Amino acid sequence: MSTAVARRSTLPGFGLTMGLTLTWLSVIILIPLAALFLKTFELSLDQFWSIVTSRRTLNALKISFGLSFAAACVNLVMGTIIVWALVRYRFPGRRLFDAIVDIPFALPTAVAGVALTQLFAQKGWLGAPLAELGIKVAFTPIGIFIAMIFIGIPFVVRTVQPVLIDLDPEIEEAAASLGANRWHTVFRVILPSLIPALLTGFALAFARAIGEYGSVIFIAGNLPNVSEIAPLLIVIRLSEFRYADATAIAVVMLVASFLIIFLINRLQRWAQARIPVH
Amino acid sequence: MAIEVTNIVKKFGSFAALDNVDLKVADGELLALLGPSGSGKTTLLRIIAGLDWPDSGEVAIDGENALSRGASERQVGFVFQHYALFRHMTVFENVAFGLRVQPRAIRKDEATIRARVKNLLDLVQLDWLANRYPSQLSGGQRQRIALARALAIEPRILLLDEPFGALDAKVRKELRQWLRSLHNEIHVTSIFVTHDQEEALEVANRVVVMDKGKIEQIGSPGEVYDNPATAFVHGFIGESIVLPVDVAGDAVRLDGRPLNIPALGAASGAAKLFVRRHDMAVGPAGTGALEGAIRHVRSFGPIQRAEVALSGSEGKTVIEIDAPRDRELQAGEIVSLQPRRYRIFATQG
């Protein structure tokens, strides 16, 4: 009798929701991923190894992960500055700017790619002056980098914004009354309180950039070993009917992405434990 | 350090939060700003701290104009109602913060900082919590850490905004006594804001009663309780019986019937009679200024509290009185009531 009472939860529907959750996650995520892994088993270990360590694959992975990381870093810094301005100051057009941040979310990525390519092409509005300085953006890795910054920025802004809004202004007043100048207040009090949100925003922008395809392929030029991203290489292998090759690269991307996200998650947990939500 | 506030005006839109406030605080005082919410007490405290700026007026700390300096330059300790501790720092680092952000020229070395933080944690009796994070502390502990943090910068004055407001009754009582004894120990000029009269009367040397942006009375706890200067103070501090009366010359009338008590110099016209519950003497019918029927009696501790329906008001005016338990009162009994001490204030407007 007593165990029956103890087991009864005040929140009904555990069985139903848990069942739906597991089924849904299996159908949508786990089964497709498992199929991906199964497909790679058509390859022998040697074949697998030679595909993923081929020069073209390694370069594509390096470009994808390296530029994504760099773009996420830029987004982290610029996103934080944008959030600060949007949250802390009242200026004409603030709501408009706030809405503009969401455009990369909503815009079809191919449209973004075409627009960026036009802008940064040798005769484009930004491309022409840059070309005079000797900087070529479109059809180079710099173009990829810019496309990745474009699609990643809203992730940082939208994760950090609510946390900064909720940050108690008394914290800053306390810092001021203790003699801290603005510099100390920002770097010792405000930013450390935002760390968990900043990490989340960084992880999302990073993950988004790794998976980005549509906007990048228009501006990248797609030269093997120079400006060819891993997702494009996968598509190329698929169009050549080399399905196992494609899945092998996909598996490497998947595992690498998973490890990175896992690492960022751990960092976040560690930061969260120190700054618990009360 | 002495504080002198002169002619402070502060408006939020058309609402006057502070309306020409003057206040002098002597060195080493422990002063309470007491008033209901919206009385301007917190605004005044924040202006002294440099967290808000007045529209006009002056603030001087130790004779020096404070308004030309920001909060970070005033060396004023401030304790917030909701602690405002830095969540990402340990208790130790919270207390050390003020020392670590000092300009390099006067910043102490690490060993000195550590020793000072240790001393402060000892002072608030929480040295054993040095390595915890604020979220792991109880409310009372957090507020004591907030106080230690404010004291770390050796503040010239200490300001506390409803410091015990977020704590439960028992902890609040303990902390009150503790704050008093701490003040006796360190003697820093302190002002604390509260809406709790008991807290103000129990802790402060002097009490400033505020209402609607103005100071109603300044005095020792005894003075504001025994000799309230205005009707507001009488009603706000301590429990009072309030009766609407008419004053004509030296005669006082309630509902048209004369009460045989002198008007104590109150101006003729409509007025209010204030009597403390325990200042109403109960006697046999026909011997006092007022008469009424006891409706209900509750006894607790040394007193009995009776609800009395006054005669001549058709039972509409019911007052509560506190009587000693030397004679048990009975419901239904007709008694007379004689105010021993009372004040009459002319009704304004």
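Predicted model, so just to flag it, every value in this text is computed and none were measured. Each chain gets a letter, A, B and so on, in the order its sequence line appears, and its residues count up from 1.
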Could you check whether atom [atom1] of [X] has more than 12 heavy atoms from other residues, nucleotides or ligands sitting under 6.0 Å from it?
X	atom1	answer
A:F97	CZ	no
A:R95	CZ	no
A:F69	CZ	no
A:F91	CZ	yes
B:W53	CH2	yes
A:R94	CZ	yes

Work out which heavy atom in [X] is nearest to a heavy atom in [Y]; give both atom names and the distance.
X	Y	value
B:I153	A:L178	CG2-O, 3.6 Å
B:S72	A:A180	CB-O, 3.5 Å
B:R87	A:L167	NH2-CD1, 4.4 Å

Using a 4.5 angstrom heavy-atom cutoff, name the option from B:G98, B:G77, B:A84 with the most pairs to chain A.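 Most pairs with chain A among the choices: B:A84.
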Salt bridge (Lys or Arg N to Asp or Glu O under 4.0 Å) partners for B:E110, two or more places apart: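 So B:E110 forms a salt bridge (Lys or Arg N to Asp or Glu O under 4.0 Å) with B:R100, B:R114.
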Report yes if the side chains of [X] and [Y] come closer than 4.5 Å at any heavy-atom pair, otherwise no.
X	Y	value
A:R188	B:F97	yes
A:E170	B:Q81	no
A:I171	B:Y83	no

Does any heavy atom of chain A fall under 4.5 Å from the side chain of B:L85, the backbone, both, or neither of them?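 Just the backbone, heavy atoms under 4.5 Å.
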Test of understanding: with side-chain contact (heavy atoms from CB on, under 4.5 Å), list the residues that count as partners of A:V163, not counting sequence neighbours. A:L194, A:A197
[X] side, atom [atom1]; [Y] side, atom [atom2] - distance, nearest 0.5 Å:
X	Y	atom1	atom2	result
A:E173	B:D52	CD	CG	7.5 Å
A:D168	B:H82	CG	NE2	8.5 Å
A:S177	B:R149	OG	CZ	7.0 Å

